[in-house]
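What you see is a predicted model; the values in this text were computed from it and never measured.
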Amino acid sequence: GQCAKGYYCPGGSVTPFAKPCPPGTYNNKRGAEDVYGCAACVPGFYCPNEATIDPVECTESNYCPEGAVAEIPCPIGTYSNTV
C-alpha cells in the first residue's frame with residue numbers, strides 16, 4: 001500500500017508508517033518514498049513533532065522561520081502581528 005501522510009517509505013518497506021518525517025518538516029500527501037518527500041515547515045508555521053501532517057500556525061508575538069520546530073518569541077521591543 002501507499003505510505004501514510006507524515007511518513008516516508010523506502011523501497012521494500014512493509015508498513016505505511018516506515019519512517020516518520022523529522023521535526024521541522026511535514027508531509028500531507030500519501031506515497032512519499034524518501035525523506036525528500038517531507039517538506040520543510042513553511043515560514044509562519046512550525047512542525048514540532050515527527051510525522052507532522054499539518055504545520056501549526058505561529059501565534060502573535062512569535063515568529064517561525066522555514067523549518068521551525070517551535071515558535072520563537074519576538075525580541076524585546078519588537079512585535080509581530082502577522083505570521
Side-chain angles (χ1 to χ4, degrees):
Q2 278 195 323
C3 199
K5 294 178 181 180
Y7 294 81
Y8 64 98
C9 301
S13 296
V14 295
T15 171
F17 305 102
K19 303 233 179 235
C21 289
T25 68
Y26 74 103
N27 176 14
N28 60 6
K29 297 179 178 133
R30 295 181 183 275
E33 295 179 356
D34 55 38
V35 72
Y36 301 107
C38 305
C41 210
V42 294
F45 293 81
Y46 63 103
C47 300
N49 305 309
E50 290 184 332
T52 296
I53 296 171
D54 295 313
V56 180
E57 189 170 5
C58 209
T59 59
E60 195 171 316
S61 300
N62 295 289
Y63 69 100
C64 298
E66 182 179 42
V69 297
E71 295 180 295
I72 301 169
C74 291
I76 293 173
T78 67
Y79 72 96
S80 173
N81 61 358
T82 61
V83 295

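- In terms of modelled atom types and a separation under 3.5 Å, the side chain of E71 and the main chain of T59 share a donor-acceptor contact.
- Note that CD of E66 and SG of C64 are 12.5 Å apart. Values are rounded to the nearest 0.5 Å.
- A distance-only check finds a donor-acceptor pair linking the side chain of T15 to the backbone of F17 [under 3.5 Å].
- In the hydrophobic clustering, Y8 connects to V35, Y36, either directly or through intervening members, whenever side-chain heavy atoms lie under 4.5 Å apart.
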Give the table of side-chain donor-acceptor pairs shorter than 3.5 Å for residues 18-27, with sequence neighbours excluded, one pair per line with atom names and distance.
from	atom 1	to	atom 2	distance (Å)
T25	OG1	P22	O	2.6
N27	OD1	K29	N	3.0
N27	ND2	Y7	O	3.1
N27	ND2	K29	O	3.3

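- The side chain to side chain contact (heavy atoms under 4.5 Å, CB included) test applied to P65 returns Y63, A68, I72, not counting sequence neighbours.
- For the residue pair K5 and N28, the shortest heavy atom distance occurs at CE-O, 3.5 Å.
- Once rounded to the nearest 0.5 Å, the distance linking CG of D54 with SG of C41 reads 10.5 Å.
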